[in-house]
Amino acid sequence: MTFSAKILHWYDVNKRDLPWRNTVNPYNIWLSEIMLQQTRVAQGTPYYLKFIENFPTIKDLAAAKEEEILKLWQGLGYYSRARNLHATAKTVTNEYKGEFPNTYKELLQLKGVGDYTASAIASISFNLPEPVVDGNVYRVLARYYGIAMPINSTEGIKYFKKIAREVMNVKNIRDYNQGIMEFGAIQCTPRNPNCADCPLNDSCVALKENSVQDLPIKLKKIKVKDRFFNYLVVIDALEQSILKQRIGKGIWQNLYEFPLIESQITPNKVAIETELKKYDILNQKFEYYKFNEEVIVHKLSHQHLKTHFWIVTLEGEIPNGVAFTEIDKFPVPVLVADFIKTFKF
DNA sequence: AATCCGGGGCC
DNA sequence: GGCCCAGGATT
């Protein structure tokens, strides 16, 4: 049997029953693929179900407010995916009359859709012969064919795509593509792959050369930077607080958070007063205390956010404040959501 | 070509 | 602490 025939057979026997596998509707496939970018199936699945329930069609998604989408996306991370999701929903609804484009080239033009996702939609929804190359495919191909080229080098990306195209099964690309990814996720796992009971173990180069643990090869690890956050949890006499939307570049674009003083130095009363003035709180008496004595470290993939929350109690009221009862309606980062849950306004 | 962009699970 | 996850956009 060929490589692809074995993958197809393995998939037929071992495939999981996932919510987006009972359809080839491009809306469902697109939504699932966006959500699963750099995201485990177990983490993404509840979000997929939530979105399908709230937005049964792409037209519903296009008509939603961005804040509503971000709120449903809250906790899934990589929030540009949610913003691009909205943009593409509008594009398909308005420029394609609600019908997804059905070519790789057109799919690739959609926001948030890159080479992998365009190939995935083209193959799974339209059965077009486009190979997918995700993290699973890199691993399976690197091991089976004994490829030591770094998967994140320019040459490696091109080479693996070329190999993937050469070995794919064009007769059933829909199942083959899902099969090789599923095979990587279930059988040929990053750590402790199940080589003993593998349909490819008679012809796997890495297994023969005892290099399974060393493949695939990936270059350079990112360095993590420390940042120091001081959130001002302002509370006024009318049970209101302050939430501000993050604008511009950087993390958590368009999500909300408390007023933030980013500084390793503990903010003093003057620093807090200066920050409050930005919210038209002028010459009001206030008291404040540090909520968490032990620093909270929120870890992102490339930043460690060392955070203190400060409770700032005003005598008067906040102009245009957010009522305690409304706080839960705003999309916020997990760091902020965890605090809100703990504090109970 | 390198960097940025989340959060969670696992070792 | 490091690595990985059905990657893409930006610089």
Side-chain angles (χ1 to χ4, degrees), chain A residues 11 15-16 18-21 28-48 70 73-85 87-88 107-121 123-124 130-140 150-158 160-161 164 176-186 188-193 213-214 216-225 227 246 248-255 297-305 331-338:
Chain A
Y11 183 59
K15 74 171 178 179
R16 291 170 289 182
L18 301 174
W20 48 88
R21 287 208 171 133
N28 300 66
I29 301 303
W30 163 70
L31 181 61
S32 68
E33 292 297 344
I34 299 297
M35 286 183 163
L36 293 176
Q37 288 169 1
Q38 293 292 285
T39 304
R40 294 174 190 281
V41 167
Q43 186 185 3
T45 298
Y47 286 85
Y48 171 82
L70 284 173
W73 197 276
Q74 180 178 311
L76 197 54
Y78 285 152
Y79 296 94
S80 66
R81 292 185 294 172
R83 299 189 300 269
N84 288 334
L85 190 77
T88 289
L107 289 165
L108 194 57
Q109 300 305 312
L110 301 172
K111 284 189 179 179
V113 176
D115 176 62
Y116 163 77
T117 305
S119 301
I121 300 171
S123 59
I124 298 172
E130 296 292 340
V132 291
V133 185
D134 74 332
N136 294 304
V137 176
Y138 279 122
R139 186 169 56 255
V140 172
I151 61 172
N152 57 345
S153 65
T154 303
E155 305 91 317
I157 292 169
K158 283 185 66 176
F160 277 93
K161 177 95 180 181
Y176 168 78
N177 270 348
Q178 295 183 80
I180 189 172
M181 291 191 284
E182 188 88 333
F183 181 80
I186 305 290
C188 192
T189 50
R191 285 185 308 265
N192 303 321
Q213 304 295 339
D214 305 323
I217 290 175
K218 201 170 183 177
L219 295 177
K220 36 185 182 296
K221 309 109 174 60
I222 57 160
K223 48 185 175 184
V224 177
K225 292 179 180 176
R227 295 175 72 177
R246 284 185 76 98
K249 296 182 179 181
I251 59 174
W252 303 332
Q253 273 178 52
N254 296 8
L255 273 66
V297 184
H298 186 73
K299 296 180 178 180
L300 307 181
S301 46
H302 56 298
Q303 299 179 22
H304 286 182
L305 310 178
V332 297
V334 167
L335 171 62
V336 175
D338 285 347

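In this text, all values refer to a predicted model and were calculated from it rather than measured experimentally. Letters A, B, ... are given to chains in the order of the sequence lines, protein chains preceding strands, and every chain is numbered from 1.
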Contact class for [X] (heavy atom, under 4.0 Å): base, sugar-phosphate, or nothing?
X	value
A:Asp115	sugar-phosphate
A:Val224	nothing
A:Gly75	sugar-phosphate
A:Val113	sugar-phosphate
A:Gly44	nothing

Closest to the [X] side chain: [options]?
X	options	result
A:Tyr78	B:dG7, C:dA6, B:dC5	B:dC5
A:Tyr79	C:dG8, B:dC5, B:dG6	B:dG6
A:Tyr116	C:dG8, B:dC5, B:dG7	C:dG8
A:Lys218	B:dA2, C:dC4, C:dG7	C:dC4
A:Trp20	B:dC5, C:dG1, C:dA6	C:dA6
A:Lys225	B:dG7, C:dC5, B:dC4	B:dC4
A:Lys220	B:dA2, C:dG7, B:dC11	B:dA2
A:Ile251	C:dA6, C:dC4, B:dC5	B:dC5

Could you state the atom-to-atom distance from [atom1] of [X] to [atom2] of [N] in whole Å?
X	N	atom1	atom2	result
A:Lys299	C:dG2	NZ	C1'	10 Å
A:Ile157	B:dA2	CD1	P	11 Å
A:Ile222	B:dG6	CD1	C1'	11 Å
A:Gln38	C:dA9	CD	C1'	13 Å
A:Leu335	B:dG6	CG	P	13 Å
A:Ile151	C:dC3	CD1	C1'	12 Å
A:Leu36	C:dC4	CG	C1'	14 Å
A:His304	B:dC5	NE2	P	14 Å

Between A:Gln43 and A:Arg191, just flag the one whose closest nucleotide in DNA chain B comes earlier from the 5' side.
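Closest to the 5' end, via its nearest nucleotide, is A:Gln43.
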
I want to confirm an ordering. Mapping A:Asn192 and A:Ser80 to their closest nucleotides on DNA chain B, which one lands closer to the 5' end?
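Result: A:Ser80.
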
In whole angstrom, give me the gap between the P atoms of B:dC11 and C:dA6.
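It comes out at 15 Å once rounded to the nearest Å.
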
For C:dT11 versus B:dG6, give the span between their P atoms, rounded off to a whole number of Å.
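Roughly 15 Å separates the two P atoms.
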
Between A:Leu255, A:Asp338, A:Leu305, which is the residue that forms a side chain to side chain contact (heavy atoms under 4.5 Å, CB included) with A:Pro333?
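Result for side chain to side chain contact (heavy atoms under 4.5 Å, CB included) with A:Pro333: A:Leu255.
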
Check this one for me: any side-chain N or O of [X] less than 4.0 Å away from OP1 or OP2 of [N]?
X	N	answer
A:Gln303	B:dC5	yes
A:Arg81	B:dG6	no
A:His302	B:dC5	yes
A:Lys249	B:dC5	no
A:Gln37	C:dG7	no
A:Trp252	B:dC4	no

Base [N] to side chain [X], donor-acceptor N/O within 3.5 Å cut-off:
X	N	value
A:Thr117	C:dG7	no
A:Arg21	C:dA6	yes
A:Thr39	B:dG6	yes

When rounded to the nearest 0.5 angstrom, what distance separates CD1 in A:Ile34 from CG in A:Leu76?
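So the gap between those two atoms works out to 11.5 Å.
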
Could you measure the distance from the NE2 atom of A:His304 to the NZ atom of A:Lys299? Nearest 0.5 Å is fine.
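These two atoms lie 5.0 Å from each other.
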
Check the surroundings of atom NZ in A:Lys111: do more than 12 heavy atoms from other residues, nucleotides or ligands lie under 6.0 Å from it?
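12 or below, so no.
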
Minimum heavy-atom separation for A:Val132 and A:Val137, please, with both atom names.
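Scanning both residues, the minimum pair turns out to be O-CG2, 3.4 Å.
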
Which heavy atom of A:Arg83 sits nearest a heavy atom of A:Gln253, and at what distance?
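Reported closest heavy-atom pair: NH1-O, 2.9 Å.
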
Let me spell it out: for each of A:Gln178 and A:Lys111, pick the nucleotide of DNA chain C with the closest heavy atom. Which residue's pick is nearer the 5' end?
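Looking at DNA chain C, the more 5' nearest nucleotide goes with A:Gln178.
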
Taking the side chain from A:Tyr48 and the backbone from A:Glu33, do they hold a donor-acceptor pair closer than 3.5 Å?
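Here the side-chain-to-backbone pair does not exist.
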
Stepwise side-chain hydrogen bond (donor to acceptor under 3.5 Å, both in side chains) test for A:Gln37 and A:Tyr116
CA-CA 9 Å; A:Gln37 288 169 1; A:Tyr116 163 77; over 6 Å; no

